[in-house]
There are 2 protein chains.
Amino acid sequence: MYSFTEENYIKAIYKLQEKSGISVNTNAIAEIMQTKAASVTDMIKKLSEKKLLSYAKYKGVELTETGRKMALEMIRKHRLWETFLYDKLNFSWDEVHDIAEQLEHIKSTKLIDCLDEFLGFPENDPHGDPIPGKNGLIQRIELYKVSELGIGEFGVISGVVNHSSLFLQHLEKNQLVLGKGIEIVSKSDFDQSLRIKIEGGIPIMISNEVARNVLLKKSR
Amino acid sequence: MYSFTEENYIKAIYKLQEKSGISVNTNAIAEIMQTKAASVTDMIKKLSEKKLLSYAKYKGVELTETGRKMALEMIRKHRLWETFLYDKLNFSWDEVHDIAEQLEHIKSTKLIDCLDEFLGFPENDPHGDPIPGKNGLIQRIELYKVSELGIGEFGVISGVVNHSSLFLQHLEKNQLVLGKGIEIVSKSDFDQSLRIKIEGGIPIMISNEVARNVLLKKSR
DNA sequence: TAATATTTTTAGACTAGTCTAAAAATATTT
DNA sequence: AAATATTTTTAGACTAGTCTAAAAATATTA
């Protein structure tokens, strides 16, 4: 059985590996874990001894197969709990993360499967992120940043890059929520802000910052 | 914010105070917490410094008002989660305790109230134990052990004294579950075992041990 | 009352996880 | 290639929580 801290480290490393490709460095882990580089070195030595990652001094770390499986289990639990909080308990999508961060550590071989069934085997969490299956497989579809679309193109909001509370609240306030269709009307050459038309709403302006953090499934 | 260990100690002390009246001794706490007396002494010193209990060497401990409130919050959370596992995720009543022991530590000012609402503000958990309200008040009714009833008396199964997994499984196997009416048919002078008639079932024998651990609401 | 048994506390050692400061290694700049 | 900057590791100190063994206090028995 692994400690909460061990599980959190493995999850953080998995996320960094997803972004950067292969190897993950000490400072990057320290930043996500909100701790000091020395603490990271201490912990990754232990995790290496437990065969969850492979590590050589000054060479960064990579999760082992065991580590990756553990990470995917954590992500599955996290996203299923977020879905429960959102769908069943009416939490808003910017409130669910911190609670799911705690719930994901519950040790029970059966609980998360029962929750999965209870929720109707959802494929995505409230932010549009894919929920890994019991077998650890993630079903991904190709998503595009709003900033990557051209004038006249359409898409359906299906994810967010930035999960911060403030950002999610900003999106909700502007009706930029999962499932909404949008069309790119025009783009400013000056600051790359966009004028977009939201399905069921009036055209609005969004900054380039927002455009780079909202993900779409392309449509027509 | 309190640690999991601190919360567990407070809960254990509350339960012991409920049984024994006022003061609780070190060995009793050690037994519930499955730890050594020395560890208990160390911890109750800390909890005393945090004003959760009052403590004098060799004199046992008593929870303060703050400690009692915290204990009732923990019990409320525990029982609501047990109810969720049982009612919504179809866990059996002997499986819920260990999972609820973990879930009760989730820190969120809003979560348990949303869960309470989601469950329809239940008054009892799957074992018949009363669920404290948000205000900390427990609604109790008078229950009797089966062994306290006379021949010909009736009652409805409304609680259990012993919460062990094996005992709960034994009860379920014998249809001795919450809500069932029973009538005392006869009693053996030899070993105090009882012959009882269960509503909707055939008469069965139960040992004195079982009779002392099943609680009834009296009826007619 | 004294001897014995039991309970509780204290002292010191341990692990898990954190930190700061300094040392070691690597990367970058000149 | 040398100097400088940055990253990473190591050493030692800290807290939380645990343990064993011994000491202290209380309870029980003779």
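Note on naming: letters A, B, ... go to the chains in the order of the sequence lines (proteins, then strands), and numbering restarts at 1 for each one.
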- Query: Are T35(A) and dC19(C) close enough that a side-chain N or O sits under 4.0 Å from OP1 or OP2?
  - Reply: yes

- Message: Strictly below 4.0 Å: does Y55(A) bring a side-chain N or O up to OP1 or OP2 of dT8(D)?
- Response: no

- Task: Take the protein atom CG of L47(B) and the nucleotide atom P of dT9(C), then report the distance between them rounded to whole Å.
- Result: 13 Å

- Of D42(B) and I44(A), the one whose nearest nucleotide on DNA chain D sits closer to the 5' end is I44(A)

- Considering only dT20(C), dT18(D), dT10(C), which nucleotide approaches the side chain of K36(A) most closely? dT20(C)

- Please, what dot-bracket string fits DNA chain C when only Watson-Crick and G-U pairs with both distances under 3.5 Å count, crossing ones use [ ] and pairs to another strand use |? ||||||||||||||||||||||||||||||

- Item | Minimum-distance nucleotide (side-chain atoms of E6(B) versus dT10(C), dT8(C), dG17(D)) | dG17(D)

- Message: Tell me if a side-chain donor or acceptor on R79(B) pairs with a main-chain N or O of P130(B) at a distance below 3.5 Å.
- Response: yes

- Item | Spacing between M43(B) atom CE and dC19(D) atom P, to the nearest angstrom | 11 Å

- Message: I'd like to know if the side chain of E7(A) reaches the main chain of M74(A), judged simply by a donor and an acceptor atom lying under 3.5 Å from each other, with no hydrogens or angles considered.
- Response: no

- Item | Nucleotide nearest N27(B) (side chain, heavy atoms from C-beta), chosen from dC19(C), dT7(D), dT8(C) | dT8(C)

- Query: Can you find a side chain N or O atom of T5(A) that sits less than 4.0 Å from OP1 or OP2 on dA16(C)?
  - Reply: no

- Query: Out of dT26(C), dT18(C), dT9(C), which nucleotide sits closest to the side chain of S39(A)?
  - Reply: dT18(C)

- Query: Rounded to the Å, how far apart are F4(B) CZ and dT18(D) P?
  - Reply: 14 Å

- Task: Identify whether any heavy atom of Y9(A) sits under 4.0 Å from a base atom; if not, whether one sits that close to sugar-phosphate; answer base, sugar-phosphate or nothing.
- Result: sugar-phosphate

- Message: Evaluate H97(A) against H163(A) for ring pair (Phe, Tyr, Trp, His ring centres under 6.0 Å), listing each step before the verdict.
- Response: CA-CA 9 Å; H97(A) 180 77; H163(A) 281 63; 7.1 Å; no

- Here the distance between atom C1' of dT18(C) and atom CG of N8(A), to the nearest Å, is 15 Å

- Message: Under 4.0 Å, counting only non-hydrogen atoms across every strand here, what does N25(A) touch: a base, just sugar-phosphate, or nothing?
- Response: sugar-phosphate

- Query: Just how far, in rounded Å, is P of dT7(D) from CD1 of I29(A)?
  - Reply: 14 Å

- When the distance from OH of Y2(B) to C1' of dA16(D) is rounded to whole Å, what number comes out? 16 Å

- Contact under 4.0 Å: K57(B) side-chain N or O vs dT10(C) OP1/OP2: yes

- Ignoring the backbone of K46(A), work out which of dT20(C), dG17(C), dT9(D) is nearest its side chain. dG17(C)

- Query: Considering residues, nucleotides and ligands other than K36(A), do more than 12 of their heavy atoms fall under 6.0 Å from its NZ?
  - Reply: no

- Task: Classify the angle between the aromatic ring planes of F118(A) and F84(B) as parallel (below 30°), tilted (30 to 60°) or perpendicular (above 60°).
- Result: perpendicular

- Note on the structure: Of A56(B) and S3(A), the one whose nearest nucleotide on DNA chain C sits closer to the 5' end is A56(B)

- Message: If you count heavy atoms of other groups shown closer than 6.0 angstrom to CD of Q192(A), is the number above 12?
- Response: yes

- Does any non-hydrogen side-chain atom of F91(A) lie less than 4.5 Å from one of L111(B)? yes

- Classify the nucleic acid contact of T26(A) as base, sugar-phosphate or nothing, counting any heavy atom under 4.0 Å across all strands shown. sugar-phosphate

- Rounded to the Å, how far apart are Q34(A) CD and dG17(C) P? 18 Å

- Hey, could you give me the CG/OH distance between D94(A) and Y86(A), rounded to the nearest 0.5 Å? 10.0 Å

- Query: When the distance from CE of M33(A) to P of dC19(C) is rounded to whole Å, what number comes out?
  - Reply: 10 Å

- Task: Would you classify T41(A) as touching base, sugar-phosphate or nothing, given that sugar-phosphate means primed atoms plus P, OP1 and OP2, and contacts are heavy atoms under 4.0 Å?
- Result: base

- Query: Under the 3.5 angstrom rule, does the side chain of S48(A) hit a backbone N or O of I44(A) as a donor-acceptor pair?
  - Reply: no

- Nearest listed nucleotide, side chain of Y58(A), among dT7(D), dT10(D), dT10(C): dT7(D)

